[in-house]
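Heads up: the structure comes next, in structure tokens.
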Amino acid sequence: MPLDYRPNDRAFLADPFPVFQQMRDDDPAHWSPHLKAWVLTRYDDVKRVCLDTERMSSDRLRPFFSSLPSPEAARMAELMKILTLWMVFRDPPVHTRLRRLASRVFHVRSIHALRPNVEALTAWLLDRIGDKPEFDFIAEFAMPLPALVIMDMLGVPRDELARLKSLSDEMALFIGSARGPADKYQRAEAATHEMADLFRSLIAARRAKPERDLLSELVHLEEEGDRLSEDELVAMCVLLLFAGHETTTHHITNGLAALMRFPAQMEKLKTNPALAPAAVEELLRYDGPIGAQVRIVQEPQAFHGRDFKTGDRVFLMMNAANRDERAYPKPDELDLDRHGVPHLTFGFGPHICLGFPLARLEGQVALPAVLARWRHIEGGSGTVEWMDSMVLRGMTTFPLRVHS
């Protein structure tokens, strides 16, 4: 059967895994005319590129912005300034410096300290759902939970949730969309400008009067005379808020959907909540929230007999790599007792997601709590829509019907 890879086809977005398997078997270094880029789908290839910071670059936005005509670039000034300061889009030594500074306050110990707040917010959101027999799991639970957690960390008032979610959706039009409205750049620029203004005011307030939050620590952080600049602070806050809730929303939602697809595994976690740490890793492997990472070729090299030239874009398909039968036995099955090589959902090596431990913690708390709340969970009325995104993998709505 000829390979038919159309990254924004609705059927593919809903279930990309059969196509990914064909790509891994028949064309593991695939040239996509749709993306005008290479697509890698095997575990070893994706891991190899993740570890290669010399011949592969993460700095993919600055070349794009520099290629824009001056009038268009001027209309996207704030978007350009903020996104090009995100550490995920920078290479060493800039990436190394930004990550080192951020890691001084955003580390495993500080994240473990958030467990009581995550547990309290989880209980509050489930209580707020109450006895509703049907509801949208994303709108009522999976979106507000990680958003409120990261907002609390950054000292953002909780009543800003709806506005920040709207702004984040507008930014996602640029950051992750494979296809979008004609005005997506303008909308992303306006949203980034508004979000940056919010954080500038919060940063000014923390300079004048520190609080007990991560934002105050970032504002007053200094290491051997090195500090984050005002623009770097704003960019880091926007990154933490955007990435800190978008990926975890989809992690929790995709995880619940996977458990519903494998009732025996759902029952195993329900009767043994202590299995949560291992369960979360398997759920992240099985259908994780990251669709792809992107690199730019810095030196000519070959994959499976195909020549990658300097300047070529390369899409690393994380969910495809996580289902590679060369790395995992029976990869299309969910097995909460699985052991083996680590999944690549949040990357690997120097660029592994800084907030990965937080996403892990929220999944470990949220999913057992959801299973304990209702005796039976099934799909509700209405259709499930999957996001049209290359970078994120998740649904826009997930209607559920529940029985206590």
Side-chain angles (χ1 to χ4, degrees), residues 3-9 12-13 16-17 19-67 83-84 86-92 94-96 99 174-179 243 247 285 288-324 326-327 341-353 388-393:
L3 179 63
D4 184 21
Y5 173 58
R6 290 174 290 157
N8 42 25
D9 178 73
F12 175 81
L13 291 169
F17 297 103
V19 174
F20 282 156
Q21 180 174 0
Q22 187 181 5
M23 294 172 78
R24 286 193 304 267
D25 291 344
D26 300 339
D27 196 6
H30 173 72
W31 174 259
S32 168
H34 297 281
L35 300 174
K36 296 182 176 60
W38 296 102
V39 181
L40 295 177
T41 48
R42 287 189 183 176
Y43 183 96
D44 285 345
D45 295 332
V46 171
K47 183 178 176 181
R48 166 185 155 185
V49 174
C50 284
L51 289 169
D52 188 349
T53 59
E54 294 185 1
R55 299 188 302 158
M56 291 285 188
S57 171
S58 296
D59 192 357
R60 64 184 176 91
L61 288 187
R62 289 196 303 164
F64 166 77
F65 285 131
S66 65
S67 69
L83 296 192
T84 55
W86 281 13
M87 68 181 81
V88 296
F89 298 135
R90 300 306 300 266
D91 296 324
V94 175
H95 169 268
T96 308
R99 189 175 180 104
F174 174 83
I175 295 168
S177 181
R179 170 181 57 193
T247 54
R285 180 204 69 83
I290 305 297
Q293 291 188 11
V294 184
R295 299 291 191 270
I296 306 296
V297 178
Q298 299 299 291
E299 295 180 15
Q301 53 197 284
F303 287 82
H304 305 284
R306 311 296 293 274
D307 292 326
F308 288 29
K309 301 186 299 296
T310 300
D312 286 351
R313 287 192 306 161
V314 183
F315 280 78
L316 312 177
M317 310 309 292
M318 300 314 200
N319 281 323
N322 286 337
R323 294 279 192 103
D324 189 349
R326 297 157 192 80
V341 297
H343 61 77
L344 302 177
T345 294
F346 290 102
F348 201 84
H351 272 283
I352 193 168
C353 176
D388 179 10
S389 174
M390 290 294 300
V391 174
L392 300 170
R393 170 159 172 80

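Values below: every heavy atom of this structure, side chains too, minus hydrogens, waters and symmetry copies. Because the structure is a prediction, the values reported are computed rather than measured.
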Exercise for the section: Could you tell me which residues satisfy side-chain hydrogen bond (donor to acceptor under 3.5 Å, both in side chains) with His304, sequence neighbours excluded, listed by chain and number? Expected result: Asp45
Handout entry: Main-chain N/O of Thr96 paired to Arg90 side chain as donor or acceptor, under 3.5 Å
Key = no
Problem - Close side-chain approach of Asp312 and Gln301, heavy atoms under 4.5 Å - result: no
Fill in the blank from the handout: So CG of Asn319 and CD1 of Ile290: to nearest 0.5 Å the spacing works out to 8.5 Å
Handout entry: Partners passing side chain to side chain contact (heavy atoms under 4.5 Å, CB included) against Ala320 (at least two apart in sequence or in another chain)
Key = Phe20, Arg24, Thr41, Met317
Practice task
Indicate yes or no for a side-chain donor-acceptor contact from Arg313 to the backbone of Leu35 under 3.5 Å, with no hydrogens or angles considered.
Solution key: yes
Fill in the blank from the handout: In terms of heavy-atom contacts, Pro342 and Tyr43 come closest through O-OH, 2.6 Å
Practice task
Kindly write out the residues that satisfy ring-ring contact (aromatic ring centres under 6.0 Å, His included) with Phe346, not counting sequence neighbours, or none if the list is empty.
Solution key: Phe356
Practice task
Provide the closest heavy-atom pair for Arg393 versus Gly288 in the form atom of the first, atom of the second, distance.
Solution key: CB-O, 3.7 Å
Exercise for the section: Could you please spell out the steps behind the side chain to side chain contact (heavy atoms under 4.5 Å, CB included) verdict for Thr53 and Gln298? Expected result: CA-CA 9 Å; Thr53 59; Gln298 299 299 291; over 6 Å; no
Practice task
Go through the structure and list residues passing side-chain hydrogen bond (donor to acceptor under 3.5 Å, both in side chains) with Arg326, not counting sequence neighbours.
Solution key: Asp25, Asp324
Completion exercise
Residues passing the side-chain hydrogen bond (donor to acceptor under 3.5 Å, both in side chains) test with Asp26, sequence neighbours excluded, are none
Exercise for the section: Could you list the residues that satisfy ring-ring contact (aromatic ring centres under 6.0 Å, His included) with Tyr5, not counting sequence neighbours? Expected result: Phe12, His30
Problem - Between CZ on residue Arg55 and CD on residue Glu299, distance to nearest 0.5 Å - result: 6.5 Å
Problem - Which atom of Asp59 lies closest to which atom of Ile296, heavy atoms considered - result: O-CG1, 4.4 Å
Handout entry: side chain to side chain contact (heavy atoms under 4.5 Å, CB included) between Val314 and Val297, intermediate numbers included
Key = CA-CA 7 Å; Val314 183; Val297 178; 3.6 Å; yes
Handout entry: Asp388 vs Leu13, side chain to side chain contact (heavy atoms under 4.5 Å, CB included): CA-CA, chis, key distance, verdict
Key = CA-CA 7 Å; Asp388 179 10; Leu13 291 169; 4.1 Å; yes
Exercise for the section: Over all heavy atoms of both residues, which pair between Gly349 and Leu51 is shortest? Give the atoms and the distance, please. Expected result: CA-CD2, 3.8 Å
Fill in the blank from the handout: Arg295 meets the salt bridge (Lys or Arg N to Asp or Glu O under 4.0 Å) criterion, sequence neighbours left out, with none
Practice task
State the CD-CG distance between Gln22 and Asp27, to the nearest 0.5 angstrom.
Solution key: 9.0 Å
Handout entry: ring-ring contact (aromatic ring centres under 6.0 Å, His included) partners for Phe17, two or more places apart
Key = none
Completion exercise
dist His34:NE2 -> Met390:CE (nearest 0.5 Å) comes out at 11.0 Å
Practice task
Give the minimum heavy-atom separation between Pro350 and Cys50, together with the two atoms involved.
Solution key: CD-O, 4.0 Å
Completion exercise
Sorted by chain and residue number, the salt bridge (Lys or Arg N to Asp or Glu O under 4.0 Å) partners of Arg323 (sequence neighbours excluded) come out as Asp332
Practice task
Drop me the distance from Cys353's SG to Met87's CE, to the nearest 0.5 angstrom.
Solution key: 9.5 Å
Exercise for the section: Taking salt bridge (Lys or Arg N to Asp or Glu O under 4.0 Å) as the test, write out the residues that go with Asp307, two or more places apart. Expected result: none
Fill in the blank from the handout: For Thr84, the side-chain hydrogen bond (donor to acceptor under 3.5 Å, both in side chains) test, sequence neighbours excluded, returns none
Exercise for the section: Go through Met318 and Gln293 one step at a time and tell me if the side chain to side chain contact (heavy atoms under 4.5 Å, CB included) criterion holds. Expected result: CA-CA 7 Å; Met318 300 314 200; Gln293 291 188 11; 3.4 Å; yes
Fill in the blank from the handout: CE (Met56) and CG (Leu316) are apart, to the nearest 0.5 Å, by 7.5 Å
Handout entry: Counterpart residues, ring-ring contact (aromatic ring centres under 6.0 Å, His included), relative to Phe308 (two or more places apart)
Key = Trp38, Phe303
Exercise for the section: Could you verify whether a donor N or O on one side chain and an acceptor N or O on the other, from Ser58 and His351, lie under 3.5 Å apart? Expected result: yes
Problem - Heavy-atom closest contact (Pro289 atom, Thr345 atom, distance) - result: CD-CG2, 3.5 Å
